[in-house]
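Let me begin by presenting the structure, written as structure tokens, before commenting on it.
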Amino acid sequence: MIEPFVSSSTDVKVSAKRGLGALISYRFMLTPRGAVEANYAYTQNTIHYVLPSANQQVNARTQEVTAAYVYNFNFRKFNPFVEAGGGALLWGNIRNLATTTLDVKSQTTIVGLYGAGIAYEISPSFDIRAEYRGIVSKVPNFGNPPFTTNRWYNIYNPTLGVAYHF
């Protein structure tokens, strides 16, 4: 998960370290080209808020719950696809030394999801899949009004994995 830098009209600047996590998806084929997909992802990273009066960090635990429509193209063993959908991000804070404020709470934001990728068939049951996923979300403030930016941002989420067909 790669979150971009955001500078707002409220004098709050938000940046984040890259986060690593895991993504689990279930794709159900409706037609030979169309499918619906349910996703769950878990990521941890640190979000840094720069305010006119303070510098604060929140060690964040982000969970994604989304659903999308997927359209597949078939070219021999290569299967490119595009997807679009929506869902929610559940932003939780981890209270440890990386979190420098105790005024934060968990928060949920509604998100839009889009992406494209390619799956390479290595056997009738397995694919190797590379994908770019974009998640459009409101910048979280963790229930702390000074962190409010009134901005949206695009979270970059490149993924690499294995798909099993059954």
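Computed from a prediction, not measured in an experiment: that's the story for all the values here. Just the heavy atoms: all of them, side chains too, but no hydrogens, waters or symmetry mates, feed the values below.
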> Are V139 and L51 joined in one hydrophobic group, where the rule is that I, L, V, M, F, W and Y side chains link up if heavy atoms are under 4.5 Å apart?
Replying inline: yes

>> What I'd like to find out is whether the side chain of N150 reaches to under 4.5 Å of the side chain of T148, using heavy atoms alone.
In response: yes

> Do you know which two heavy atoms are closest between Y49 and P140, and how far apart they sit?
Replying inline: OH-O, 2.5 Å

> Looking at G19 and T43, what are the two nearest heavy atoms and their distance?
Replying inline: C-CG2, 3.7 Å

> Would you call the rings of Y120 and F78 parallel, tilted or perpendicular if under 30° counts as parallel and over 60° as perpendicular?
Replying inline: tilted

>> Is the shortest side-chain heavy-atom distance between E121 and H165 below 4.5 Å?
In response: no

> Is there a path of hydrophobic side-chain contacts, each under 4.5 Å between heavy atoms of I, L, V, M, F, W or Y residues, that connects Y69 with V82?
Replying inline: yes

> Can you tell me how far NZ of K105 sits from CZ of F142, rounded to the nearest 0.5 angstrom?
Replying inline: 12.5 Å

> Does any non-hydrogen side-chain atom of I47 lie less than 4.5 Å from one of F147?
Replying inline: no

>> Could you measure the distance from the CG atom of N79 to the CG atom of N72? Nearest 0.5 Å is fine.
In response: 6.5 Å

> When rounded to the nearest 0.5 angstrom, what is the spacing between CD1 in I155 and OG1 in T109?
Replying inline: 7.0 Å

> If you look at every heavy atom in T66 and A88, which pair is closest and at what distance?
Replying inline: CG2-N, 4.3 Å

> Any chance the rings of F81 and Y71 have centres within less than 6.0 Å?
Replying inline: no

>> To check you understand the geometry: which heavy-atom pair defines the closest contact between A68 and L113, and what is its length?
In response: CB-CD2, 4.0 Å

> Are V65 and V70 connected, step by step, through hydrophobic side chains (Ile, Leu, Val, Met, Phe, Trp, Tyr) whose heavy atoms are closer than 4.5 Å?
Replying inline: no

Give the table of side-chain donor-acceptor pairs shorter than 3.5 Å for residues 55-63, with sequence neighbours excluded, one pair per line with atom names and distance.
from	atom 1	to	atom 2	distance (Å)
Q56	OE1	T100	OG1	3.2
Q57	NE2	A98	O	3.2
N59	OD1	T46	OG1	3.4
N59	ND2	N96	OD1	3.4
R61	NE	Y42	OH	3.1
Q63	OE1	Y40	OH	2.7

>> Other residues, nucleotides and ligands only: do more than 12 of their heavy atoms fall within 6.0 Å of CZ on R95?
In response: yes

> Are any non-hydrogen side-chain atoms of E64 and V111 less than 4.5 angstrom apart?
Replying inline: no

> Can you list the residues that meet the side-chain hydrogen bond (donor to acceptor under 3.5 Å, both in side chains) rule with N154, with sequence neighbours excluded?
Replying inline: Y114

> Between atom CD1 of I122 and atom NZ of K77, what is the distance when rounded to the nearest 0.5 Å?
Replying inline: 9.5 Å

> Going through the distances and angles, do Y164 and S125 end up as a side-chain contact (heavy atoms from CB on, under 4.5 Å)?
Replying inline: CA-CA 6 Å; Y164 175 72; S125 296; 3.9 Å; yes

>> Please check: side-chain N/O of N45 versus main-chain N/O of K17, any donor-acceptor pairing under 3.5 Å?
In response: yes

Donor-acceptor pairs under 3.5 angstrom involving side-chain atoms of residues 21-32: please list them, not counting sequence neighbours.
from	atom 1	to	atom 2	distance (Å)
S25	OG	N39	OD1	2.5
R27	NE	E37	OE2	2.9
R27	NH2	E37	OE2	2.9
T31	OG1	R33	N	3.3
T31	OG1	G34	N	2.8

>> Nearest 0.5 angstrom please: N157 CG to Y132 OH, how far?
In response: 8.5 Å

> When rounded to the nearest 0.5 angstrom, what is the spacing between OG1 in T108 and CG in L89?
Replying inline: 9.0 Å

> What are the two closest heavy atoms between G92 and S106, and how far apart are they?
Replying inline: CA-OG, 3.8 Å

